[in-house]
Amino acid sequence: MQSLKWQVAKALPIKDVRIQDSFWSPYVKLIREVVMPYQWEALNDRIPEAEPSHAILNLKIAAGDEQGEFYGMVFQDSDVAKWLEAVGYLLETGEDPELEKLADDVIDLIGRAQREDGYLNTYYTLKEPGQEWTNLCECHELYTAGHFIEAAVSYYNATGKKKILDIVCRFADYINTVFGHGPTQIKGYDGHQEIELALVKLYRTTGNEVYLNLSKFFLEERGQGDFYLEEYEKRGKTRHWYNADMINDKKYSQTHLPIREQNSAEGHAVRAVYMAAGIADVAVETGDQGMLDACRKLWNNMVTKRMYITGGIGSMAFGEAFTVDYDLPNDTVYAETCASIGLIFFAQRMLQIEAKSEYADIMERALFNTVVAGMSQDGKQFFYVNPLEVWPDACGVNHNYDHVKPVRQGWFGCACCPPNIARLLASLGQYVYTIKNDCVYTHLYVGGDTKLEVKGKPFTLKQRSNFPWEGNVHFSIESEEDIAFTLALRVPNWNDQAELVINGQAVEWKSTLVNGYAMIERIWKSDDRVEWMLSMPILRMKGHPLLRETIGKVALQRGPLVYCMEEADNGKHLHQVRLQRQAQVKTRMVPDRLGGIQILQVPAYREMDDTWGTELYKSDETLQQEPITVEYIPYYAWANRGAGEMVVWVRD
């Protein structure tokens, strides 16, 4: 079979993309200076108001450095691994001796906690020794291993230090002896996908095809037979989780069909997109067309029938899962932050396989809305769940909303989301561009200086803008010699007209459009200037007619940003607001609100309740309407001013 790997675009090394952006640079700085130290304190149980983690202490106990018992989730080690992975990305973009020393100490600790045979998992080492690999459905041993592997690759790429890489190679080699088609091996797979994409990263770093083949094995075994039921019966029908049936609910863990036969996004949303990212990776490396076709089917179903306008995925709290097509409730939504991060992973890989703007559009949508909303503006509080409508009075009283929090939390017992945000934003540079042969694709409009090379000729591509508040993006070239290459500029789906000016001269670009990218092919000279002027109309977005929750309502969007109304600006009872149709919406930059945002001022009506009386229901009653002007803020900024109502979809 012909390999696809030579036909795909490549992401750029993080060290070659230096972000200098009015919107994103403060976030990257926040990750480095606030989030990482805060999360380190959380991992060490030094934040009194946050739920305890015990993750570092678990490693110390497993290493013999401390006495005590395991505490936390069965996959608690993964929080440390994701923190370490983010450290690697930060060190790749800038030196930080203190952070590097801290990471080296953690790596030494991980090494001491590892067993002689290579096994690494504090839960089983401390709590259930001898029961390793007996409950793959529920206990996430391979998931945790995958995060250790990703951390090792990140740290090795940043520092060149091999200790953590050697640790995970020993672990992966051991796993390869445990799993496989041999008579004494386990012919199974983890309940939570993650190791599949991690093993491909390890293969690309080491060149050892054992790791690629092992990833392919885990993917191809998925959905074959009744593995989870067999291991359940073999271990005496015991369960780790008694509040959910992960064993018989095959859709929950995407085991209902072999991966090539799966046509829709099912089950736990994070697992689904991690799996899809792994399938895309293996498809590229092996040339497996069936796997690539499966990726396309999953993507299409997910983004056309099962995704929120904010880029959130996962409709219900039970199982943190997808449900059915067009079931997207706004108030009981789950939309886990990790799920949108996983969607970005999936989109990035699809962009490398086929540069289509639809993938970048979704990547941008999830990044600017759900992912950034997942962290408070001080970097110390986080959302696990990202609703599109919140009534705080019902939260904590109506148990249908038990998962919905009107304010972000300091930490979580299951704290996958905070370090996931950190590792994504720390590695943001690798999502901006890809390069294929002599074509440089611009997927995200994120300012910075990027080192590139085409046909052996190095150059620097500079990008500057006031995005997402303004749509004018400026590029410039710095090179010692003239270079022939194609600059591919994404035409976003929120843009209704764009102008291209090169060195002061207007250039026609529509005839060059390929899969949503303007392909600007020319011989570039140093100091060439490109102005890419994207319109940013205020869009009154509507949902598909089969979306029950959005019928008769609109959501406002400008550029990549989805907007919402918040009680802090508009008072209580936001459900009484109805927007005026065809009314002019004004924009205004407010530098001193929520870190500097652009608000929308929208003519509307508020239905009055002061003349209704005490009856709960009436016939043929006409409500009085008061003309008002409501203010919208970007969705990502909500809940930074205390608890209050919030709504994205409003009656029109």
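Values below: every heavy atom of this structure, side chains too, minus hydrogens, waters and symmetry copies. The structure displayed is predicted, hence computed values, not measured ones.
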**OP:** Apply side-chain hydrogen bond (donor to acceptor under 3.5 Å, both in side chains) to Asp378 and Ser376, showing your working.
**Re:** CA-CA 5 Å; Asp378 66 1; Ser376 63; 2.4 Å; yes
Original post:
Can Val8 and Lys436 be said to form a side-chain contact (heavy atoms from CB on, under 4.5 Å), step by step?
Top reply: CA-CA 7 Å; Val8 301; Lys436 180 179 179 182; over 6 Å; no
**OP:** I would like to know whether His140 and Tyr123 meet ring-ring contact (aromatic ring centres under 6.0 Å, His included); could you show each step before the answer?
**Re:** CA-CA 10 Å; His140 303 355; Tyr123 174 85; over 10 Å; no
Subject >> Verdict with reasoning, Asp77 to Lys82, per side-chain contact (heavy atoms from CB on, under 4.5 Å) >> reply: CA-CA 9 Å; Asp77 293 349; Lys82 281 182 280 189; over 6 Å; no
Original post:
Please walk me through it: do Glu285 and Arg204 pass salt bridge (Lys or Arg N to Asp or Glu O under 4.0 Å)?
Top reply: CA-CA 9 Å; Glu285 297 298 339; Arg204 289 170 176 166; 2.7 Å; yes
Subject >> Working for side-chain contact (heavy atoms from CB on, under 4.5 Å), residues Gln254 and Gln193 >> reply: CA-CA 9 Å; Gln254 299 80 40; Gln193 300 89 321; 2.9 Å; yes
Original post:
Run the side-chain hydrogen bond (donor to acceptor under 3.5 Å, both in side chains) check on Asn386 and Thr337 step by step: do they pass?
Top reply: CA-CA 7 Å; Asn386 294 276; Thr337 302; 2.9 Å; yes
**OP:** Take Tyr359 and Glu354 through the test side-chain hydrogen bond (donor to acceptor under 3.5 Å, both in side chains) and record every step on the way to the result.
**Re:** CA-CA 9 Å; Tyr359 301 125; Glu354 46 192 16; 2.5 Å; yes
**OP:** Take Glu41 and Lys380 through the test salt bridge (Lys or Arg N to Asp or Glu O under 4.0 Å) and record every step on the way to the result.
**Re:** CA-CA 11 Å; Glu41 293 298 296; Lys380 296 182 179 180; over 6 Å; no
**OP:** Please step through salt bridge (Lys or Arg N to Asp or Glu O under 4.0 Å) for the pair Arg423 and Glu85, ending with a clear verdict.
**Re:** CA-CA 6 Å; Arg423 68 173 180 149; Glu85 182 184 351; 2.8 Å; yes
**OP:** Please step through side-chain hydrogen bond (donor to acceptor under 3.5 Å, both in side chains) for the pair Asp104 and Tyr155, ending with a clear verdict.
**Re:** CA-CA 10 Å; Asp104 286 341; Tyr155 199 74; 2.6 Å; yes
Subject >> Arg490 vs Glu364, side-chain contact (heavy atoms from CB on, under 4.5 Å): CA-CA, chis, key distance, verdict >> reply: CA-CA 11 Å; Arg490 179 173 64 93; Glu364 179 185 71; 2.5 Å; yes
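For His268 and Tyr274, the gap between ring centers reaches or exceeds 6.0 Å. Aromatic pair Trp532/Phe475: centroids not less than 6.0 angstrom apart. The distance between the ring centers of Phe368 and Phe23 falls below 6.0 angstrom. Ring pair Trp524/Phe459: centre-to-centre distance not below 6.0 Å. Ring centroid separation for the pair Phe217 and Phe179 does not come in under the 6.0 Å cut-off. Taking the ring centroids of Tyr119 and Trp133, they lie under the 6.0 Å cut-off. Taking the six-membered ring for Trp, Tyr189 and Phe218 have ring centres at least 6.0 Å apart. For Phe148 and Phe171, the ring centers are positioned 6.0 Å apart or more. Two rings, from Phe467 and His474, have their centers 6.0 Å or more apart.
Between Pro468 and Tyr445, the closest side-chain pair of non-hydrogen atoms is not below 4.5 Å. Looking only at side-chain heavy atoms (C-beta outward), Ile31 and Met36 come within less than 4.5 Å of each other. You'll find the side chain of Phe346 stays beyond 4.5 Å of the side chain of Ile362, heavy atoms only. Looking at Gln114 and Ile110, their side chains never come closer than 4.5 Å, going by heavy atoms from C-beta outward. Looking at heavy atoms from C-beta onward, Glu95 lies out of side-chain contact with Leu91 at the 4.5 angstrom threshold. By the 4.5 Å heavy-atom criterion applied to side chains, Ile14 and Asp16 are not counted as neighbours. You'll find the side chain of Glu98 reaches within 4.5 Å of the side chain of Asp96, heavy atoms only. For the pair Tyr384/Glu336, a side-chain contact is recorded, criterion being any heavy-atom separation below 4.5 Å from C-beta on.
Minimum heavy-atom separation, Ala198 to Ile149: O-CG2, 3.4 Å. Residues Ala373 and Phe383 approach most closely at O-CD1, 3.4 Å, considering heavy atoms.
Taken to the nearest 0.5 Å, the CD atom of Glu478 stands 11.5 Å off from the OG1 atom of Thr450. To the nearest 0.5 Å, atoms CG (Asp108) and CD1 (Ile167) are separated by 7.5 Å. Separating the CG atom in Leu351 from the OH atom in Tyr433 is a distance of 14.5 Å, to the nearest 0.5 Å. How far CE of Met302 is from SG of Cys295: 9.5 Å, rounded to the nearest 0.5 Å. Here CD of Gln463 is found 10.0 Å from CG of Asp449. Values are rounded to the nearest 0.5 Å. In this structure, the separation between SG on Cys338 and CD on Glu320 is 9.0 Å, given to the nearest 0.5 Å.
Environment of CZ in Arg18: sparse, with no more than 12 heavy atoms of neighbouring residues, nucleotides or ligands closer than 6.0 Å. More than 12 heavy atoms of other shown residues, nucleotides or ligands fall within 6.0 angstrom of atom NZ in Lys161.
For the pair Asn213 (side chain) and Glu209 (backbone), a donor-acceptor distance under 3.5 Å is present. When atom types are taken as modelled, the side chain of Arg32 and the backbone of Leu90 share a donor-acceptor pair closer than 3.5 angstrom. Judged by distance alone, the side chain of Ser340 and the main-chain N or O of Thr370 form no donor-acceptor pair under 3.5 Å. At distances below 3.5 Å, at least one donor-acceptor pair connects side-chain atoms of Ser427 with backbone N or O atoms of Leu424. Proximity of a side-chain donor or acceptor of Asn437 to a complementary backbone N or O of Cys439 within less than 3.5 Å is not detected.
Arg349 is linked by a salt bridge (Lys or Arg N to Asp or Glu O under 4.0 Å) to Asp281, counting only residues two or more places apart in sequence or in another chain.
Results of the side chain to side chain contact (heavy atoms under 4.5 Å, CB included) test with Glu92 over Thr159, Val87, Asn157 single out Asn157 as the only residue that passes. Between Trp24 and the options Leu444, Val432, Leu428, a side chain to side chain contact (heavy atoms under 4.5 Å, CB included) holds for only Leu428.
We find that Arg365 and Asp361 are not joined by a salt bridge, their nearest charged nitrogen and carboxylate oxygen being 4.0 Å or further apart.
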